[in-house]
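Each chain gets a letter, A, B and so on, in the order the sequences are listed, and its residues count up from 1.
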2 protein chains.
Amino acid sequence: MATTRGERRARGSTPVSAELIEEQAILLFAEKTYPVIGMRDIGDAVGLLPGSLYVHISGKEDLLLRIVEKGIQNYLDAIGPAADAPSSAAERLRAAFTAHFEVLSRTREQTRVAFFQWTYLSPEKQGRVIAMRQRYEDLFVDIVRDGVRTGEFRRLRNPRVIVLAYIGMLNNATEWFQPDGSLSAIEVAEEIADAALKGIQA
Amino acid sequence: MATTRGERRARGSTPVSAELIEEQAILLFAEKTYPVIGMRDIGDAVGLLPGSLYVHISGKEDLLLRIVEKGIQNYLDAIGPAADAPSSAAERLRAAFTAHFEVLSRTREQTRVAFFQWTYLSPEKQGRVIAMRQRYEDLFVDIVRDGVRTGEFRRLRNPRVIVLAYIGMLNNATEWFQPDGSLSAIEVAEEIADAALKGIQA
DNA sequence: CCTACCGATCGGTAGG
DNA sequence: CCTACCGATCGGTAGG
């Protein structure tokens, strides 16, 4: 049997920082999820004993909070400008999809944690995350609302359902999009934007 | 402080069965996820002490496996016939979406567990789940492939991306669709099927 | 950054 | 179905 937890990093090799701990925690949380990763796993990954992690970080949950907030902020920073550009609703939706997949291809593991594991935060901290998610959602609501108002889009019976469907599709792409795969973020985003705007019917 | 775990069900009231334990486990796993729910939580929910659960079930992981497999089977049973019907690809896609949302509205909590928590199973058990998920995915692949082949759908550059996007959208609907909300499964499915087939552009 | 350890909780079992 | 308990593991800390 020997050890289940492999000592992945030799102790005392290079300096350990809060950033390094965060990086390794992202990889571990993304792979196995927050509740099943122990401080001992994180310690092994950076080459410290579990108790020594507390020299650099204040606790396990605070580590998660930082990962989640930065993870969502990455999307707000990239999609905000795309969604607010002074162009047609169709172009803005296309640009928003593209921006989303570009951030996803850069930060796939952090996205996994940010989108799916914020629920392990305490209620108070969840509130901050929900507010950020709402801003993210509103970017898409605005595009669709504008498009319907100007007549560029069809009069949808339930625009909110469409927005939720789009966002759900984007969120879930975290599960299948491969940054190193044969299709680039732009190619995937264009294909999906075409399907969303024009439909798949001939 | 007192107790965090509320004794939700009085001990010794009505007979406990494997089915009751499964029902309660679905609710608990759906709300908090598998790894953070203990046998003590499940015991509280059915009115047994944790050790007594093993009279009815063989272990925590086996409980999860049953919930996941039945949860996915519900979708195969409902979508299979819809996807294989002798009608147009558009009608079959519409019927598949509708069937999906109908199962979701019936089994929302179990779907949450089945779609998102099968990753907590041991590798061997995950294999069985992956095979079922593949059959589910293939139902949609077949519809899109048929539609493209007959010319009913556009020649998509990457049909697989579209299928993954659709399925991701459906899977993620588990997070926002409310069975008791103002919109029925059929209404939501129709709205989304329209958007998928015709697009949202005017 | 380590040593040494804390109390709490985990899934599961022996024996009745 | 309960009593009583097992060894393992958890996040975190005191003191150096």
Side-chain angles (χ1 to χ4, degrees), chain A residues 1-22 24-25 28-29 32-68 113 117 120-122 124-125, chain B residues 1-22 24-25 28-29 32-68 113 117 120-122 124-125:
Chain A
M1 277 298 145
T3 56
T4 306
R5 272 184 244 279
E7 187 101 353
R8 312 183 192 191
R9 192 165 178 283
R11 251 171 292 161
S13 44
T14 48
V16 169
S17 61
E19 287 69 36
L20 177 65
I21 294 173
E22 221 171 275
Q24 294 300 315
L28 291 167
F29 292 166
K32 301 270 198 184
T33 80
Y34 177 80
V36 307
I37 294 297
M39 297 311 281
R40 284 149 186 87
D41 297 307
I42 299 173
D44 285 349
V46 300
L48 291 187
L49 290 177
S52 306
L53 293 169
Y54 292 84
V55 173
H56 301 101
I57 64 167
S58 64
K60 192 189 177 195
E61 197 191 355
D62 184 63
L63 191 53
L64 176 61
L65 180 62
R66 287 167 185 275
I67 293 169
V68 168
V113 181
Q117 299 182 36
Y120 295 113
L121 293 167
S122 62
E124 319 87 71
K125 289 174 186 157
Chain B
M1 279 297 147
T3 55
T4 305
R5 275 184 242 279
E7 186 101 351
R8 310 183 195 192
R9 192 165 177 282
R11 252 172 291 161
S13 46
T14 48
V16 170
S17 61
E19 288 70 34
L20 177 66
I21 293 172
E22 222 171 275
Q24 295 299 314
L28 291 166
F29 293 166
K32 301 269 199 184
T33 79
Y34 177 81
V36 307
I37 294 296
M39 297 311 280
R40 285 150 185 86
D41 297 308
I42 299 172
D44 285 350
V46 301
L48 291 186
L49 290 176
S52 305
L53 292 168
Y54 293 83
V55 174
H56 301 101
I57 63 167
S58 63
K60 193 190 177 195
E61 197 191 356
D62 183 64
L63 191 53
L64 177 61
L65 179 63
R66 287 166 185 275
I67 292 169
V68 168
V113 181
Q117 299 183 36
Y120 295 114
L121 293 167
S122 62
E124 318 87 72
K125 289 174 187 158

Need the pair for C:dC10. Rule: Watson-Crick or G-U wobble, both distances under 3.5 Å, any strand; none if unpaired. D:dG7
With both distances under 3.5 Å as the test, what is the Watson-Crick or G-U wobble partner of C:dG15? D:dC2
How many angstroms lie between OG1 in A:Thr33 and CD in B:Gln117, if you round to the nearest 0.5 Å? 9.0 Å
So CD1 of B:Ile42 and CD of B:Glu22: to nearest 0.5 Å the spacing works out to 10.5 Å
Base versus backbone protein contacts along nucleotides 11-16 of chain C [heavy-atom cut-off under 4.0 Å; B, S, -]: BBB---
Which heavy-atom pair separates B:Leu63 from B:Ala25 by the least distance, and what is that distance? CD2-CB, 3.8 Å
Where the side chain of B:Glu61 meets the backbone of B:Ser122, is there a donor-acceptor pair that is under 3.5 Å apart? yes
Within 45° of the ring axis of A:Tyr34 and under 6.0 Å from its six-membered ring centre, is that where the NZ or CZ of A:Lys60 lies? yes
Interatomic distance, A:Ile42 CD1 vs D:dC10 C1' [rounded to whole Å]: 12 Å
